[in-house]
Protein chains: 2
Amino acid sequence: METIKPQKSLVDQTYEILLNAICTGEFAPGTRLNQDELAARLNVSRQPVNSAISILRTNRLVVDTGRRGVVVAEPDISLFQSIYEFRSVIEPLAVQLACTRLPADAAPEAEEILIRGERAVATRDTKALLEADIDFHQMLYRWSGNPVIDTSMQLNWHHIRRSMVEVLKTPLAAVSSWAEHRNIARAVLSGDTTAATEAMRHHINHANEKITATLADRRDPK
Amino acid sequence: METIKPQKSLVDQTYEILLNAICTGEFAPGTRLNQDELAARLNVSRQPVNSAISILRTNRLVVDTGRRGVVVAEPDISLFQSIYEFRSVIEPLAVQLACTRLPADAAPEAEEILIRGERAVATRDTKALLEADIDFHQMLYRWSGNPVIDTSMQLNWHHIRRSMVEVLKTPLAAVSSWAEHRNIARAVLSGDTTAATEAMRHHINHANEKITATLADRRDPK
DNA sequence: ATGTTGAATTTCGTATACGAAATTTGCAAT
DNA sequence: ATTGCAAATTTCGTATACGAAATTCAACAT
């Protein structure tokens, strides 16, 4: 049976809207978040806006200016590096655990995402490809059965999405290696822990190198 | 030169007080958080209390009841297991990175904490020992230069502290293996990456086994 | 005794109000 | 033109107010 879902509070809705605006780059880094303005724009009072901003602050997506209010945090490249150091051990752990805890309908779920990604590559749809990428990895976190991996990576993906705004302005082929996902999925689904962790390790290092190069090039183009 | 620190907001102060009350077990799992009551007790209005609870909710320290308000989350043993799976790869990563990025005054800082821990063991001061343990590992996160490790583990330590409330009711010797910390510190300070990560891996597995056994025994004593 | 209904109460989410701190503005002095 | 300073304005943090949903409780019916 289903459970009744109480509709989301204005705080949560406000948080999600602001989070999305920050991650898509709609609110550029350094932008000040004016509570009155946001409240008016979202048709709510300042109270939910204020609470949502508190949460954004604890998640480091905005930073205190000390004086008045908060500004959107700068997505610095060193944070991005740190996230990839982090992923380089967490993602292999996720697939390792996933190998031993596969759900029943794992295969079709993976296939749907893989096909979606392949179609995105074919149509040069960068936005859809990023979405498929996120979905693929989050699927593995779920399969791992480890909620700590899931929640910690959740936060990191927000930061990754932010950095990707820059990256995805360059030609798609330069940063995508979607084919690697299929290798990972095959290894996990067949329960081959060693192959799966190795494929994932390779994938993360590969992605990191490509994206870091792109970001560095954007910052300091030759 | 120093920078002027604006005093903490009531929201932050409230959050810290509530967090501490939850982690020390003062607010037992399942306890309902009544906003009016807390506001009165802390001598603030309900507004900061409400915001603080929003943050506690995003950090999974309290859970929505669906109907009215929130209750302190149950510290379930599977979450604890997940944290240790997580630590089993993150802590070795932290020491590996720390080996290559040691700050100048690393040795005396480590020594201070090690001595503090040894004194705590000698005097059977469980609270001080847990504090030294947290400080030791957080020192390594800082040395690792990776803020993602630091923030993600920060959250996990809150959950660990909560579980430790139960664990520390048993004789100290059963769960402590403080001596291992000195081995880790020695390896890190000498820049021996292999030895450091190995010592850390051993330490985490060891701690997990001991604590899990204690928790299981408490739950289902023979 | 048990179940039902609806009024009283509690408690939360959200709106509005208020005071304080910071910033901007305007104007006079150099 | 630049600097100094005070008044006006903005904007935030926090308090208070209000309406709605949930819970409690009591009267009543079975």
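What you see is a predicted model, and the numbers here were worked out from it, not measured in a lab. Below, all heavy atoms of this structure are taken into account, side chains as well, without hydrogens, waters or symmetry copies. So that the names make sense, note that chain A is the first sequence line, chain B the second, and so on, each numbered from 1.
Comparing C/dT16, D/dT14, C/dC12 against the side chain of B/Asp36 picks out C/dC12 as the nearest. Nearest to the side chain of A/Arg68, among D/dA15, C/dA22, D/dG13, sits C/dA22. Comparing D/dT11, C/dT16, C/dG13 against the side chain of A/Ser9 picks out C/dG13 as the nearest. Listed candidates were D/dC12, C/dG13, C/dT14. Nearest to the side chain of B/Arg57 is C/dG13. Nearest nucleotide to the A/Pro48 side chain, out of D/dT11, D/dA22, C/dT14: C/dT14.
Interatomic distance, A/Asn208 CG to A/Glu85 CD, rounded to the nearest 0.5 Å: 8.5 Å.
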### Message
Please evaluate residues A/Arg161 and A/Asn20 with respect to the criterion side chain to side chain donor-acceptor pair (under 3.5 Å), reporting the C-alpha separation (whole Å), side-chain torsions for both, the decisive distance (0.1 Å), and the verdict.
### Response
CA-CA 10 Å; A/Arg161 277 176 68 198; A/Asn20 211 50; 2.9 Å; yes

### Task
Test A/Arg116 against A/Asp135 for salt bridge (Lys or Arg N to Asp or Glu O under 4.0 Å), laying out the working first.
CA-CA 10 Å; A/Arg116 190 141 50 83; A/Asp135 289 346; 3.1 Å; yes

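Where B/Ser45 and B/Arg32 meet DNA chain D, the nucleotide closest to each residue was compared, and B/Ser45 sits on the side nearer the 5' end.
In this structure, A/Leu38 reaches neither bases nor backbone, as no heavy-atom distance under 4.0 Å exists between it and the strands shown.
For the OP1/OP2 pair of D/dG13 and a distance below 4.0 Å, the side-chain nitrogens and oxygens of A/Asn50 include at least one atom meeting the criterion. Applying the 4.0 Å criterion to OP1 and OP2 of C/dG13, one finds that B/Gln35 has a side-chain N or O inside that range.
Checking B/Gln154 against B/Tyr141 by side-chain atom types alone, no donor-acceptor pair falls below 3.5 Å.
When rounded to the nearest whole Å, the span between CD1 of A/Ile53 and C1' of D/dG13 equals 12 Å. Nucleotide C/dA15 holds its C1' atom 15 Å from the CG atom of A/Leu42, rounded to whole Å. Atoms CG (B/Asp64) and P (C/dC12) sit 11 Å apart, rounded to a whole Å. Between the CG atom of B/Asn43 and the P atom of D/dT14 there is a distance of 14 Å, given to the nearest Å. Atom pair B/Leu56:CG and C/dC12:P shows a separation of 14 Å (rounding to whole Å applied). The CD-P distance, from B/Gln47 to C/dA17, rounds to 16 Å in whole Å. Atom CG in B/Asn34 sits about 14 Å away from atom P in D/dT23, given to the nearest Å.
A salt bridge does not link B/Asp150 with B/Arg142: every distance from a Lys NZ or Arg NE/NH1/NH2 to an Asp or Glu carboxylate oxygen is 4.0 Å or more.
Donor-acceptor pairing under 3.5 Å, judged by distance alone, is present between the side chain of A/Arg46 and the base of D/dG13.
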